Asks: 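Right, I'll just put the structure down here and ask away after.
We name chains A, B, ... by the order of the sequence lines, and we start the count at 1 in each one. These numbers were taken from a predicted model, which means no experiment stands behind them.
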Amino acid sequence: MLLNEVVAATEAVGATPSRLAKIAALAALLRGLDPGEVRPAIGFLTASPRQGRLGVGWRSLSALETPHAAGPSLTILDVDAALDRLAAADGQGSVAARRGELTLLSERATSAEWDFVARVMLGELRTGALEGVLLDAIAKAAERDASAVRRAAMLSGDLGATAELALTGSADELEAVGLVVGRPVMPMLASTAGSATEAVQALGGTASVEYKLDGARIQVHRDGDDVRVYTRSLADITHRVPEIVEAVRELPAERVILDGETLSLDEDGGPRPFQDTMARFGSESGAAVVLRPWFFDILHLDGRDLLDEPLSTRLEVLERVAGASRMPGIVTDDADRAEEFSREALAAGHEGVMVKGVESAYAAGRRGKSWLKVKPVLTFDLVVLAVEWGSGRRTGQLSNLHLGARDPEGAYGEPGGFVMVGKTFKGLTDALLRWQTEHFPTIETHRSSSAVHVRPETVVEIAIDGVQRSTRYPGGVALRFARVKGYRPDKSPGDADTIGSLRTLLRG
DNA sequence: TTCCGACAGTGGGGTCGCAAT
DNA sequence: ATTGCGACCCCACTATCGGAA
């Protein structure tokens, strides 16, 4: 199939707000694919090429200046082969080799095709259809049950393989896709609750309340001595974490799939900051810091699949297997007891708690309401220093706020000035975006191509999870997960919180 | 008819490895 | 040695469609 047909279908998908129309357009496209084109096409449509890491980003694409072809000639398989060569070049030294490949591809593509391929490589198609919509389209094209397609995709962790199987295999083959030790599963995700009490009440009965650690999600598969460790996005990082492999080899289980979190501890046994855990977790060459695993769920044990069992059953099995690596937790229907446990978690230096319904199955790949995370929220009054122009549906609107804390002593600048501590675009409603776009130009001091700088007069209440040390910002701290709660026209810049009060959050 | 679950989009900070400077 | 880029950890929130109630 010509790439041009994929581009045309994608344009149709992007042009309609209706999900049913998107699904219909995608299903029609999928039906026309040859079997060998399914996996590459799914990679294009989700803007995550099957080749994985390409080493091509916005910078290298914008540096290209090549003319495009007048008419379409590229096929899906042509582009797939070009991406193969790009992926092979990544990590092999030459930027020039990648640029050569990109230039060749660019010259063979029409401008519409190149625009599409560039968005695929950047991982942002922005047509309103990703995995969720595409799953339904695959089911429609293959005339299979959407829930069967979804289940196969989540359990295999591979949408492309699932699409190929759905479109070319039998319904029985699709149904037969299940858990395999050694093949990672899409992890179950959580929603947010305001408090432990609220979470217990929302679950309406007995809940498992567990520590929520500020580390990295891990999924561990063990088959005898063969242990594999995967990240949340299913990357195999076994070679980076030998200490986790060793810990899992000690467990009393031959074949097991465990879900958990890893982080590193300080000398006193308390959790290190997330940044320290990530420095170790992300490093190929082992460091002084040691990672420890904590497991909160078990999906398989010695031939028995557990993910459709209720959480209460899975926890009983986990109790026998995980030993000291079991995530601390309690089972209770008492909201007060849950609150008490939450306070214990915070006192131990952890992020908060997870509250889970004990009747719930393990819903791979879903962000349901049966897992609720509870973390304390801090709020600060900060001052807007500048606002960046938005992109996509926020094009033409002032969106991303530069936030400053008051610096009365001038420790990081002029006395009485403001020190930038982060940005945020979150929490803004359409009405607030319109207001920002009208308001900030009226107090503009100057502007750059990307932002309008303003007099530091506007106070905004910002919610954060905490702060982290920063080399980017002059005050040495950056906000973590900042979002707008609301503007505070009742407050003046002199009422804003200080850099000192943010810095005290760094320790303890 | 109204409600609400699921999705997609819009980006945030920090860390690494790697190649170019 | 330093810097810039790309990938990938962590992540919150709003708007919207369409099925569920």
Side-chain angles (χ1 to χ4, degrees), chain A residues 14 16-23 46-48 52-63 90-98 121-136 150 189-192 213-218 231-235 237 240 261-263 273-285 287 351 365-369 373 375 377 388 390-395 397 399-403 421-433 462-473 477-485:
Chain A
T16 173
S18 161
R19 278 174 208 158
L20 294 176
K22 291 179 198 286
I23 289 165
T46 54
S48 52
R53 173 189 283 258
L54 298 176
V56 177
W58 182 83
R59 277 290 183 192
S60 30
L61 288 180
S62 59
D90 184 51
Q92 301 274 319
S94 180
V95 165
R98 276 208 297 278
M121 290 190 289
L122 293 174
E124 290 189 332
L125 217 45
R126 302 194 195 204
T127 57
L130 288 172
E131 282 85 353
V133 172
L134 195 51
L135 265 171
D136 283 343
R150 165 177 288 278
L189 305 172
S191 303
T192 305
L213 309 191
D214 192 9
R217 187 87 176 259
I218 50 168
T231 65
R232 193 190 120 127
S233 61
L234 312 189
I237 52 145
R240 281 194 220 157
E261 188 87 1
T262 184
L263 55 62
F274 176 73
Q275 286 165 297
D276 295 346
T277 289
M278 277 315 300
R280 172 67 185 81
F281 190 71
S283 170
E284 293 289 340
S285 55
E351 249 195 322
R366 299 216 93 130
R367 187 183 296 283
K369 285 285 166 61
K373 64 176 124 178
K375 299 186 286 184
V377 175
E388 292 176 16
S391 65
R393 76 164 126 236
R394 292 190 180 184
T395 299
Q397 294 193 291
S399 172
N400 196 8
L401 305 170
H402 294 199
L403 302 167
V421 289
K423 304 183 189 178
T424 187
F425 57 91
K426 295 174 185 163
L428 298 167
T429 60
D430 287 356
L432 226 34
L433 284 164
I462 298 292
I464 58 173
D465 280 24
V467 299
Q468 52 196 336
R469 61 175 191 268
S470 172
T471 53
R472 174 190 308 253
Y473 293 116
V477 282
L479 307 176
R480 194 149 179 234
F481 310 142
R483 57 268 192 193
V484 171
K485 297 311 287 182

Asks: Any carboxylate oxygen within less than 4.0 angstrom of a Lys/Arg side-chain nitrogen, looking at A:Arg469 and A:Asp276?
Replies: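 Salt bridge: yes.
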
Asks: Starting from C1' on C:dA12, measure out to CZ on A:Arg367 and report it in whole angstrom.
Replies: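 It is 10 Å, rounded to the nearest whole Å.
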
Asks: For the side chain of A:Phe274, counting heavy atoms from C-beta on, which of B:dG13, B:dG11, C:dC8 is nearest?
Replies: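 Ranking B:dG13, B:dG11, C:dC8 by closest atom to the A:Phe274 side chain puts B:dG13 first.
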
Asks: Less than 4.5 Å apart, side chain to side chain, heavy atoms only: is that true for A:Arg483 and A:Val377?
Replies: yes

Asks: State, with a plain yes or no, whether a side-chain heavy atom of A:Leu189 is found less than 4.5 Å away from one of A:Arg217.
Replies: yes

Asks: In terms of side-chain heavy atoms of A:Arg150, which of B:dC7, C:dT14, C:dC9 is nearest?
Replies: B:dC7

Asks: Roughly how many Å is it from CZ in A:Arg232 to P in B:dT15, rounded to a whole number?
Replies: 20 Å

Asks: Measure from the side chain of A:Ser283, starting at C-beta and using heavy atoms only, and say which of C:dA15, B:dG14, B:dC16 lies closest.
Replies: B:dC16

Asks: OP1 or OP2 of C:dG6 versus the side-chain N and O atoms of A:Ser60: is any pair under 4.0 Å?
Replies: yes

Asks: Within the pair A:Arg480 and B:dG13, is there a side-chain N or O less than 4.0 Å away from OP1 or OP2?
Replies: no

Asks: Of the candidate nucleotides C:dC8, C:dC11, B:dG13, which contains the atom at the shortest distance from the side chain of A:Ala478?
Replies: B:dG13

Asks: Which of these nucleotides, B:dT10, C:dC9, B:dG14, is closest to any side-chain atom of A:Gln468?
Replies: B:dG14

Asks: Can you work out whether A:Arg393 or A:Met278 has the more 5'-proximal nearest nucleotide on DNA chain B?
Replies: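 Closer to the 5' end of DNA chain B: A:Arg393.
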
Asks: Which whole-number value in Å describes the distance from A:Asp136 CG to B:dA8 C1'?
Replies: 14 Å

Asks: Given B:dT10, B:dG13, C:dC11, identify the nucleotide with an atom nearest to the side chain of A:Lys426.
Replies: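 Within the option list, the nearest is C:dC11.
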
Asks: When we call it a touch if two heavy atoms are under 4.0 Å apart, what does A:Arg19 touch: a base, just sugar-phosphate, or nothing?
Replies: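 The answer is base, as A:Arg19 lies within the cut-off (heavy atoms under 4.0 Å) of a base atom.
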
Asks: Consider only side-chain N and O atoms of A:Thr46 and A:Ser48, and report whether a donor and an acceptor are under 3.5 Å apart.
Replies: yes

Asks: Which nucleotide in the set B:dA8, B:dT15, C:dG18 lies at the smallest distance from any side-chain heavy atom of A:Ser18?
Replies: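 Ranking B:dA8, B:dT15, C:dG18 by closest atom to the A:Ser18 side chain puts C:dG18 first.
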
Asks: Taking for each residue the nucleotide of DNA chain C with the nearest heavy atom, is it A:Arg59 or A:Pro17 whose nucleotide lies nearer the 5' end?
Replies: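 It is A:Arg59, whose closest nucleotide lies nearer the 5' terminus.
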
Asks: Taking A:Arg232 for its side chain and A:Ala216 for its backbone only, find out whether a donor-acceptor pair lies under 3.5 Å.
Replies: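 Checked: no pair found.
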
Asks: Specify the separation, in whole Å, of atom CG of A:Leu213 and atom C1' of C:dC9.
Replies: 15 Å

Asks: Has A:Ser233 got a side-chain N or O lying under 4.0 Å from the OP1 or OP2 atom of C:dC9?
Replies: yes

Asks: State, yes or no, whether a side-chain contact exists between A:Arg480 and A:Ile464 at a heavy-atom distance under 4.5 Å.
Replies: no

Asks: With a 4.5 Å cut-off on side-chain heavy atoms, are A:Arg393 and A:Leu433 touching?
Replies: no

Asks: Measure the distance from CZ on A:Arg483 to P on B:dG13 and round it to the nearest whole Å.
Replies: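 My rounded result for the distance is 15 Å.
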
Asks: Where each residue is assigned the nucleotide of DNA chain B containing its nearest heavy atom, which of A:Val133 and A:Phe481 is assigned the position nearer the 5′ end?
Replies: A:Val133

Asks: Is there a side-chain contact between A:Glu351 and A:Lys373 in this structure, where contact means two heavy atoms from C-beta onward sitting under 4.5 Å apart?
Replies: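 Side-chain contact under 4.5 Å: no.
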
Asks: A:Lys375 side chain: which of C:dA12, C:dA7, B:dG9 is closest?
Replies: C:dA12

Asks: Any side-chain N or O of A:Arg472 less than 4.0 Å from the OP1 or OP2 oxygen of B:dG14?
Replies: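 Yes, A:Arg472 has a side-chain N/O under 4.0 Å of OP1/OP2 on B:dG14.
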
Asks: For a quick check of understanding: with a heavy-atom distance under 4.0 Å over all strands, which category does A:Asp430 fall into, base, sugar-phosphate or nothing?
Replies: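 A:Asp430: backbone/sugar contact only, no base atoms under 4.0 Å.
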
Asks: Checking contacts here: which listed nucleotide (C:dG19, B:dA8, B:dG12) is nearest the side-chain heavy atoms of A:Leu130?
Replies: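 Nucleotide nearest to A:Leu130's side chain: B:dA8.
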
Asks: With respect to the phosphate group of B:dT10, does any side-chain polar atom (N or O) of A:Arg126 fall under 4.0 Å of OP1 or OP2?
Replies: yes

Asks: Report the distance from atom CG of A:Leu479 to atom P of B:dG11, rounded to the nearest whole Å.
Replies: 18 Å

Asks: Have a look at A:Lys22 and say if it touches a base, only the backbone sugar-phosphate, or nothing, with a 4.0 Å heavy-atom cut-off.
Replies: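 Nothing, no nucleic acid heavy atom in range.
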
Asks: In whole angstrom, what separates A:Gln275's CD from B:dC16's C1'?
Replies: 13 Å

Asks: Have a look at A:Glu124 and say if it touches a base, only the backbone sugar-phosphate, or nothing, with a 4.0 Å heavy-atom cut-off.
Replies: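 It contacts nothing in the nucleic acid.
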
Asks: What integer distance in Å separates A:Leu61:CG from C:dA7:P?
Replies: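 That distance rounds to 10 Å.
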
Asks: Between B:dG12 and A:Asn400, is there an OP1 or OP2 to side-chain N/O distance shorter than 4.0 Å?
Replies: yes

Asks: If each of A:Leu428 and A:Ala235 is mapped to the nucleotide of DNA chain C with the nearest heavy atom, which maps nearer the 5' terminus, i.e. the 5' end?
Replies: A:Ala235

Asks: Categorize A:Thr424 for me: base, sugar-phosphate, or nothing, with a 4.0 angstrom heavy-atom threshold over every strand shown.
Replies: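 No contact.
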
Asks: Which base sits across from B:dC7 as a Watson-Crick or G-U pair, both distances under 3.5 Å?
Replies: none

Asks: Nearest of C:dA7, B:dT10, B:dA6 to any side-chain atom of A:Arg366?
Replies: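 It is B:dA6.
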
